[in-house]
Protein chains: 2
Amino acid sequence: MKIKNNPDSAQLIIGPALAVDTLIFTIREGKLNVLLIKIGSGPYQGKWALPGGIVPINETLDEAARNILEKKAGLKGVYMEQLYTFSGVARDVRGRMVSVAYFALVDSDQFALKTMDYYTDIQWRALDHLPRMAFDHKEIIQYGFARLQAKIEYTNIAYGLLPAEFTLSELQAVYEIILERALDKRNFRKKILALGIVQTAKGLRRGGVSRPAQLYRFTQRSLMLAQIL
Amino acid sequence: MKIKNNPDSAQLIIGPALAVDTLIFTIREGKLNVLLIKIGSGPYQGKWALPGGIVPINETLDEAARNILEKKAGLKGVYMEQLYTFSGVARDVRGRMVSVAYFALVDSDQFALKTMDYYTDIQWRALDHLPRMAFDHKEIIQYGFARLQAKIEYTNIAYGLLPAEFTLSELQAVYEIILERALDKRNFRKKILALGIVQTAKGLRRGGVSRPAQLYRFTQRSLMLAQIL
DNA sequence: ATTGTTAGTGTATGTATGACACCACAATAG
DNA sequence: CTATTGTGGTGTCATACATACACTAACAAT
């Protein structure tokens, strides 16, 4: 199938084109949000989409995902993991396109959004109020959300959504928002502390309306297995 | 990046070529095996590889995986699930190639292997005695094995490895081989029966050296969640 | 009839889970 | 200064679950 392979890193092939799409979750105002961009031209003009783009010939998918997220949405240094590869033959009306979806969780306070490239807007959008979306991106979001719900139960992946220091109530809120159910406060704290995935930081969260809360930090800010629920 | 898009299903693009590789596990003689083919020509001549091939322009990845497995290895009707997409820039010396790996479990007694296409051989090979392999296929196998070990603990995926009717001892052997540890017979049977993922079939497994065993069948021969271990 | 081999079964103990209510401490209002 | 409000922080008990463990049953082979 391959036609040509230039060592100076260009090759012409016949087959599906390859893209990556990035699915970035955050929590804002008590809700789970995703990062979307508004498409400014072409057949999907005015619709919203995940930040994505074509995979360059000389980059791995991990690299391409990182670079595309930075270029299209201005988010630097976000570590994503591969989610799934979507390949419906009609998923892009402009031609055959296979897309590898990546996802990550971020603390939205750490990033200022800026519109880039040929997009007309960029926004955090609540998962329960998604706008009209281009391609099969709604499906990608649903798939990623399911993965997130599963993964938060047996890993420490939630660290991505929180600042370096946080209270146990804030951590519990993250779990409740993602799992969409209430958790018992005492059992939750017992479990989290017994697992040793967090340690006390010095200092209290002051400035709230009530008793200050002890601050904690994750012992590891990298993916670890830990059966939480 | 796209150059051309013919509606009669051909498009020329610049970018990585896209392939699928299929990772088929089975159990033979008490060991976990994978299906490998021996490459007959080109820079990887004489090395072994997973059955794989280029994704046609008009097929989804699921379809391509099924068709390639049938065409390259003669296995029809095997239902695979997507494993991971591998994209190292040097994974194929012939040019830039991204590969979507699929995997499945089969009962090797149900399939006769036949060498096809330009391959010189096809064999089941024990996972602990793999030959020299082409591309990054050893890495794909390791990744798939890890996924299998995880997945057999919380799904009924083992049904793929067994015939329609089987004994509980045979089922337990499957678990012990994949998990590489011994399981307690009474606890295993208790758990499996309590979960209701199998039901008694009529008949006994006779012809063994000892007391005949009750036959069972899976209540569902499709992927179900079930916390087994 | 004896021996060998695998099938099949129950109990007891420790561990994890889930339900549940009150006092502590700070901020704020009066 | 006192009372009120709001969130932080803690322990126990009951139940379910996981684990460890040993003997009898049924058939085949001799």
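Model, not experiment: these values are computed from the prediction. Just the heavy atoms: all of them, side chains too, but no hydrogens, waters or symmetry mates, feed the values below.
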Please write out the pairs of protein N or O atoms and N or O atoms of nucleotides 13-15 of chain C separated by less than 3.5 Å, giving the distance to one decimal.
none

Closest to the A/R186 side chain: D/dA20, C/dC20, C/dG18? C/dC20
Could you tell me the separation between the CG atom of B/L171 and the P atom of C/dA7, rounded to a whole number of Å? 12 Å
Any residue meeting side-chain contact (heavy atoms from CB on, under 4.5 Å) with A/L223, in chain and number order, not counting sequence neighbours: A/E81, A/K151, A/T155, A/N156, A/I157
As a test of understanding, state which of A/L83, A/T22, A/I140, A/I141 forms a side-chain contact (heavy atoms from CB on, under 4.5 Å) with A/F103. A/L83
Atom CG of A/L229 to atom P of C/dT17: distance rounded to whole Å? 9 Å
B/E139 with B/R91: basic N within carboxylate O range, under 4.0 Å: no
Rounded to whole angstrom units, what separation is found between the CZ atom of B/F188 and the P atom of C/dG8? 13 Å
Check whether any side-chain nitrogen or oxygen of B/K191 sits under 4.0 Å from OP1 or OP2 of D/dA18, and answer yes or no. yes
Please list all pairs meeting salt bridge (charged side-chain N to carboxylate O under 4.0 Å, His left out) that have one or both residues in residues 213-226 of chain A, counting only residues at least two apart or in different chains. A/E165-A/R217
Nearest whole Å is fine: how far is C/dA21 P from A/N187 CG? 13 Å
Between atom CG in B/L183 and atom C1' in D/dA18, what is the gap in whole Å? 13 Å
Grab the N/O contacts between the protein and nucleotides 7-9 of chain D below 3.5 Å, and write none if there aren't any.
unit_1: D/dT7; atom_1: O4'; unit_2: A/S210; atom_2: OG; d: 2.7
unit_1: D/dG8; atom_1: OP1; unit_2: A/S169; atom_2: OG; d: 3.0
unit_1: D/dG8; atom_1: OP2; unit_2: A/S169; atom_2: OG; d: 2.9
unit_1: D/dG8; atom_1: N7; unit_2: A/K185; atom_2: NZ; d: 3.4
unit_1: D/dG8; atom_1: N2; unit_2: A/R211; atom_2: NH1; d: 3.3
unit_1: D/dG8; atom_1: N3; unit_2: A/R211; atom_2: NH1; d: 3.4
unit_1: D/dG9; atom_1: OP1; unit_2: A/Q214; atom_2: N; d: 2.6
unit_1: D/dG9; atom_1: OP2; unit_2: A/R189; atom_2: NH2; d: 2.7
unit_1: D/dG9; atom_1: O5'; unit_2: A/R189; atom_2: NH2; d: 3.2
unit_1: D/dG9; atom_1: N7; unit_2: A/K185; atom_2: NZ; d: 2.7
unit_1: D/dG9; atom_1: O6; unit_2: A/K185; atom_2: NZ; d: 3.3

Round to the nearest Å and state the distance from A/I192 atom CD1 to C/dT17 atom P. 12 Å
For A/D62, which residues count as a salt bridge (charged side-chain N to carboxylate O under 4.0 Å, His left out) partner, sequence neighbours excluded? none
With A/A158 via side-chain contact (heavy atoms from CB on, under 4.5 Å) - residues at least two apart: A/I152, A/L171, A/V174, A/Y175
The side-chain contact (heavy atoms from CB on, under 4.5 Å) partners of B/D109 (sequence neighbours excluded) come to B/D107
B/R206 CZ - C/dT6 C1' separation (whole Å): 14 Å
For B/D121, enumerate each residue passing the side-chain contact (heavy atoms from CB on, under 4.5 Å) test, keeping only those at least two apart in sequence or located in another chain. B/K38, B/W48, B/T115, B/Q123
Could you state the CG-C1' distance from B/D184 to D/dA22, rounded to the nearest angstrom? 11 Å
B/E153: which residues meet the salt bridge (charged side-chain N to carboxylate O under 4.0 Å, His left out) condition with it, sequence neighbours left out? B/R181
